[in-house]
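Written out below as structure tokens is the structure these notes cover.
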Amino acid sequence: MEKDAGFSNSLPEYFMLTEEEIEEFRLEKSVTTAKSPEELQKLMVDENLNPIERACLLISTGQDVQRVCTIEHLPQLLESSEHKAAALSKVLPKLCTLLSGSMTSPQVLICASETFAKIVERGLVTNHVTTETILPIILSQLDNKDPSVGASWLDTLITTLPFLPKDVVERLVLPVALLKGQLSQSVTSRMTSCRLIGRMAKTFESRWLEKELLPLATTLCQDVLQDVRMCMCRQLEPLARALGQEVTKTHILHEISELVQDEEWCVRGVAVETLVDLIPSLDKGTVQDKVVSLLMQACDHAHTQGDNSLPIVAKQLGRMCYELKDVLSPDQRLWFRNYYCKLSSYSAAEGGGGSSSTSLTTAAANGQRELDCRHHCAYNFPAMLLFAGQEAFQEHLAGIFKSFVEDEVSVVRRCVGCGFHEVVALMGDDCTLLLPYYQTLLRDSSFEVLSGLAPHLPQVMDRFAVASNLAPDTRHPGLLELIPALTACEQTASGCRQWRLHEELLNGFSCLSRCMTSDQLYTKFTPIMYKYISKSCVLPVKMAAGKTYCVFIRSIRKAEQRKELCTRLVEECSKSTNCRQRLFFIDICQYFLDVFSRSFFKEHFFLALLSLSEDQVVNIRLRLYRVLPSLKAILKLPADRLLLQQLEQVIRKCISQERDVDASQAIRDAVSQLDKIEVAMETLSRRTFLEADTIDQARAEEEAQLVQWEERQKEQLKPHSLSLKASPSIARSPLDKRAKSMKQVPSPVADRRSSSTSLPSSPGVPHRTLGIAKTKSSTTSPLPVRKTSSGCTMSVPSEEPDAATPTRKPQSSPASTLPTSSGGSQKSSEKKGSQVTSGQARTKPSGSPLTKPTASKKDLSSSPSSLLKETASRITRKT
């Protein structure tokens with residue numbers, strides 16, 4: 001109950017019904033009877049008539065419904081080359097005759113005006129036809145007694161003016177505008193003259209306008225009725241652009257300055273709008289000397305009066321400051337910033353609106369005026385931030401922004417949410433200051449606020465990620481505080497009965513793969529997506545959750561977690577007892593093909609998708625048959641030979657066992673498409689890669705990088721004592737092998753080790769020194785050394801056993817010696833070879849002597865090339 005009450009309170013006022021409206025719904029109303037046979041007989045038309053004859057018959061003798069349908073179909077007749085000539089010679093004259101009559105219904109007249117506008121805009125008739133046939137009808141209908149009909153034909157005339165020759169406008173339209181602009185004419189006629197002046201200003205040159213139209217425009221600006229002054233004031237902007245800057249400074253700005261000080265608030269508001277529109281077309285000097293002072297005067301007057309012109313000024317304030325930012329002095333910039341701060345917290349008691357009356361009507365009007373001011377100020381906040389600069393945010397604008405975010409009216413909060421991405425972009429690297437405000441908006445209970453946030457969620461989150469220095473390779477949990485707010489936002493969207501909002505929000509959550517860490521995605525957000533995948537909900541919401549779930553799987557780095565999520569999806573959907581879940585699995589697999597590499601799809605989803613060929617529901621088999629060609633396109637021989645055989649086996653089985661007519665046709669169509677697809681072959685030679693192959697290769701490389709990253713993480717987590725054994729780039733020493741097993745004997749084909757103190761580390765393994773310190777509990781057995789010709793000592797490389805040669809037994813005597821180049825024993829070489837390479841020093845357990853095989857001088861003096869030849873010959877014999 002509390003949830004329903006909160007939802008009803010958040011509804012706009014136009015959704016709420018009054019008691020009278022509810023009672024009216026309860027009343028039983030009589031149902032209108034069907035048409036009589038006589039009325040139906042009047043609506044019947046001979047089917048053998050051609051389109052031209054039928055149009056002429058219906059326009060002449062048909063009812064209003066038939067006439068409207070025929071008039072709407074007239075542009076199609078004129079576009080047809082077959083009927084265009086007959087339509088111009090027969091249908092159009094009859095239509096003009098009908099429109100000239102006095103008994104024509106307003107519905108037909110309005111439909112004809114809209115049709116004529118389409119005909120002229122598309123250029124379906126020549127200028128001669130427009131001038132001689134259509135324009136007289138338009139001008140005659142401007143004085144129609146029905147205001148809606150006259151307004152419709154006026155719109156048609158304004159639409160037609162740019163397509164008429166200048167001489168025709170000057171000869172036929174200008175006299176009408178001058179005549180209707182006289183003070184003796186009605187208000188509607190004078191307002192028609194104002195609109196015609198504004199439209200004709202875009203057609204003629206400045207001299208002609210200054211001579212013919214400027215005096216009339218000046219007169220209409222000083223009209224006694226506010227509606228006429230407002231209408232003419234709106235047309236001053238196009239008129240000023242056509243007249244040029246000199247005439248604008250001497251005449252137009254003078255009229256606008258008087259209208260800014262008009263006694264009616266509506267005229268003053270329109271004058272401010274027109275003056276702001278004129279700023280780009282004026283030179284810098286004119287703006288500094290005249291426009292700035294006029295605008296400051298208008299703003300002060302609106303705030304002092306406290307009337308309805310203040311919301312209009314608040315609406316134009318952002319654009320006003322943006323257009324003036326290059327011409328204002330520092331004092332003027334400060335004035336406009338302070339005026340915005342004062343306007344954003346405006347109260348009716350400050351102006352003149354709160355002291356005149358205390359009635360409920362006045363209080364409601366003042367409250368609406370305050371709300372409008374806050375709403376427009378919230379809308380203009382990005383423009384004011386651009387005007388004041390991001391350095392002024394924390395000192396002057398942060399409090400105002402916070403008040404907008406926490407405003408009691410959802411309209412203001414929604415306006416802030418709609419423009420939040422612009423504020424984040426303007427703040428740059430300092431946008432992290434906005435994180436608390438964004439959390440507040442995400443936790444808002446109004447679905448209107450969330451509807452303003454959802455479309456721009458990816459932009460905002462990406463900006464926050466960039467500001468927090470979150471790169472894809474080095475993600476840092478800097479946005480951890482947003483996770484509860486995002487989950488709360490999703491819960492609100494799921495309970496507001498607005499599935500389109502929920503769908504948009506779930507689609508926007510895919511951006512979290514670029515902002516959150518892999519563990520945060522796995523623990524916090526994948527369960528949310530899986531919840532909507534597994535339960536029955538609106539299909540677009542389910543599809544949005546499935547697509548975001550797919551993006552999350554691709555962004556998760558641990559292979560075990562990715563495999564678990566894929567397995568859960570297969571178990572929940574493809575093996576579900578609900579046919580909707582199985583249909584959803586087929587649809588989401590097509591999206592997986594677009595996101596993941598072909599190898600990943602074949603590993604996790606290929607066989608599960610093929611298993612649906614035995615489904616008992618026809619629609620599932622029908623959907624699967626349409627996917628089969630795309631399954632064959634991802635196979636590659638010879639690696640996927642077994643998958644290809646299974647696919648062919650499934651197709652043969654479906655062809656032979658399918659009994660449904662539609663499914664049989666679908667499998668035959670799939671077979672015809674499969675025959676056109678050639679399976680790719682893996683070759684060692686260079687081949688031409690298609691665009692799809694290049695994309696798939698890039699996806700496969702990204703997935704391989706994730707695997708390599710995980711392996712490096714595992715290696716770095718191992719203790720230091722095991723890192724030497726587990727590192728792939730550091731070969732295990734033969735001494736370690738003999739210390740582990742006394743039966744292994746080295747081969748004479750061992751690589752000679754360098755005498756450096758450390759080896760380069762493998763990727764992902766930190767660079768460490770391989771030396772092992774001596775301890776009291778263990779003794780060090782150095783490698784045998786020999787003297788070189790220069791008198792230096794050199795460590796003799798140990799030898800590992802070769803797989804192709806029998807293992808030689810080590811000598812039983814622990815005191816066996818290894819001859820060196822100087823003929824000394826191993827004991828003497830140990831004394832002289834104390835500088836043993838640290839990478840070759842190993843600890844020897846006490847009580848287990850290290851034996852060494854006896855090597856002759858011939859073995860030691862043999863060259864590396866001879867050893868390689870001997871090894872190659874042994875490998876050849878073994879092969």
ask   = Per the side-chain hydrogen bond (donor to acceptor under 3.5 Å, both in side chains) rule, which among Asp143, Thr188, Thr192 passes with Lys180?
value = Asp143

inquiry  = Any salt bridge linking Asp227 with Arg190? Criterion: basic side-chain nitrogen under 4.0 Å from a carboxylate oxygen.
reply    = no

inquiry  = Tell me which pairs pass salt bridge (Lys or Arg N to Asp or Glu O under 4.0 Å) where either residue lies in residues 238-254, with sequence neighbours left out.
reply    = Glu237-Arg241, Glu246-Lys249

ask   = How many angstroms lie between atom CG of Asp262 and atom NE2 of His301, to the nearest 0.5 angstrom?
value = 10.0 Å

inquiry  = Would you call the rings of Tyr340 and Phe381 parallel, tilted or perpendicular, taking 30° and 60° as the class edges?
reply    = tilted

message = Any salt bridge linking Arg229 with Glu264? Criterion: basic side-chain nitrogen under 4.0 Å from a carboxylate oxygen.
response = no

message = Atom CZ of residue position Phe204 - does it have more than 12 heavy atoms of other residues, nucleotides or ligands inside 6.0 Å?
response = yes

key: Separation of Lys315 NZ from Tyr379 OH (nearest 0.5 Å)   = 8.0 Å

key: From Leu92 atom CG to Leu74 atom CG, the distance as rounded to the nearest 0.5 Å   = 6.5 Å

task = Mind running side-chain contact (heavy atoms from CB on, under 4.5 Å) on Val270 and Leu259 for me, showing each step along the way?
result = CA-CA 9 Å; Val270 175; Leu259 293 173; over 6 Å; no

inquiry  = Test side-chain hydrogen bond (donor to acceptor under 3.5 Å, both in side chains) on Glu370 and Asn366; report intermediate values, then the result.
reply    = CA-CA 6 Å; Glu370 295 174 5; Asn366 293 337; over 6 Å; no

ask   = Is the closest basic N to carboxylate O distance between Arg195 and Asp155 below 4.0 Å?
value = yes

Those residues that, when tested against Tyr339, pass ring pair (Phe, Tyr, Trp, His ring centres under 6.0 Å) (two or more places apart) = Trp335

remark   = Interatomic distance, NZ@Lys290 vs CG@Leu275, rounded to 0.5 Å, equals 11.5 Å

ask   = Does a donor on one side chain and an acceptor on the other come within less than 3.5 Å for Glu255 and His251?
value = no

ask   = For the atom pair CD (Gln235) and OG1 (Thr274), what is the distance rounded to the nearest 0.5 Å?
value = 9.0 Å

ask   = What distance do Glu448 atom CD and Cys496 atom SG have between them, rounded to the nearest 0.5 Å?
value = 10.5 Å

